Amino acid sequence: MSTADIDSTYPLELDQPRFSVKNPELRYDKQGDMPDAQRVETAMRHFVKDFGAVAATYMESCIHCGMCAEACHFYVATEDPKYTPIWKLEPFKQAYKREAGPFAAIYRALNLKKKVTVEQLEEWQELLYDSCTLCGRCTLICPMGIDIASLVGLARHGMNQAGLVPHELWAVAERAKREGSPLGATPKVFKERCEWLADDNEVEIFVDKPQADVIAAMSSIEIMKYPESIVATAKILNHLGLNWTFRTDGYEATNFGMLSGNSAWQKDMSMKLIDATIAAGAKLLILPECGHAYGAMRWQGANIYGKPLPFRVLHISEFLAENTKNGALKIKPLGKTLTFHDPCQVSRRGGAIEAPREVIDGLGAELIEMHDTKGLNWCCGGGGGVVTIHRADPIRYQAFQIKMKQVDDTGAEMLVSSCSNCRQTFDDGQDHFHWDKTMLSLLELVADNLEDK
């Protein structure tokens, strides 16, 4: 099936408000015209290919204690055993035992581990994509230190090679490869958006300066749904008097290649940012309020580049924290109470836990922590590409209720986070449940409260 055929068969409504999109009927998606036997062989070959020493150690280490279940928001919300994190890896484990483990020959000879079937892979499509946000809470809880989230990411590589990715996730990843942005924010669209935002807000937004000390990037959600983030970034960088710019040859930090499991597309998106930063001679790349953009570049960028990056990489919350602590950012005090939702990929997976709290302190706000906060924070339920997959909405809404209770229990006046994907998930949940809490952006909160110089 070609891209055009898929788009006409399952039309995407990416420009519509998320809440208005009608859920498609439950289905298992396939890309390409590959025979089923070839899909299974391809998936198994790539599963086995990903079994390095670390993955193999993880496979041998599970003691079947089940502790990861209670760490997973999808299991806790449904109490359905199939959502136990380690169970989501069953085809991956089956391939390991039968094809790559130390007793693989015995397993095959006695058929103790049966061959994975295409029906199993179709069933596991929902478990690997629709009901895992790669949040890593299960990883934190596992007594054996098994990084289940990274194994789900590896399993997605094999599913992608076999053409077994949920349609919406595959389509936005393919669009990012084809147009440079998953939501259609092409270089022309981005530049025009910066121009009218600069005029409307009377702020200087630099685009395509040949040389700059700092390169700023945006996520597609911010560009298309929350363009005020572009203005906020410009206001703050101008307030600091930095020599900075956006670049149309590298501005899109969202990486759906990583989320869909397509390594080639992931590399393509990362290299655009790396090449643009190097071309400008910049020493700092500031990543936007997007958790997965942070993981893709901050923790995987150097591996993709093949050597240490010749510039620093900071999430916007880390950048704000540095300039709050050194006194460069002059911020008017808020004088309100707020609670902070830790984005999984930035706080738990990335370790940038204290940075947003230092910014909140600089804002003069009283932080009321949620129960199970910081690294133990519950995921919003929309990460890992889940919010993109419409058929996942029912289970995502179930999981989101954990988050709503966490927020309500604080009694805080304001709700803040530093991830646009979380913000989109919260906005959608607010509409769905008619909830009275609105997620605010930490970046925009700082920009709106800068002191005049």
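The shown structure was predicted, so the numbers you read here are calculated from the model rather than taken from an experiment.
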Are the side chains of Asp409 and His371 in contact, using a 4.5 Å heavy-atom criterion? no
| said: Taking the side chain as everything from C-beta on, heavy atoms only, tell me whether Leu367 gets closer than 4.5 Å to Leu338. | reply: yes
Is the shortest side-chain heavy-atom distance between Thr324 and Glu358 below 4.5 Å? no
Side chain to side chain, Glu126 and Tyr83, heavy atoms closer than 4.5 Å: yes
* Asked: Do the two ring centres, one from His73 and one from Phe400, sit under 6.0 Å apart?
  -> no
- prompt: Looking only at side chains, do Gln398 and Thr78 share a donor and an acceptor under 3.5 Å apart?
  reply: no
Heavy atoms of His341 and Asn377 approach each other most closely as ND1-ND2, 3.1 Å
Would you verify whether the NZ or CZ of Arg349 falls within 45 degrees of the ring axis of Trp299 while also being under 6.0 Å from that six-membered ring's centre? no
Next on the checklist: Can you confirm if the aromatic rings of Phe246 and Phe190 lie within a centre distance of less than 6.0 Å?
Outcome noted: yes
Measuring only between side-chain heavy atoms, which start at C-beta, is Cys344 closer than 4.5 Å to Arg137?
no
Check whether any side-chain heavy atom of Arg156 sits under 4.5 Å from a side-chain heavy atom of Ser260, and report yes or no. no
Task: Leu415 side chain reached by Thr438 side chain, heavy atoms, under 4.5 Å - done: no
Checklist entry - Should Met370 and Lys403 count as side-chain neighbours, where that means a heavy-atom distance under 4.5 Å? => result yes
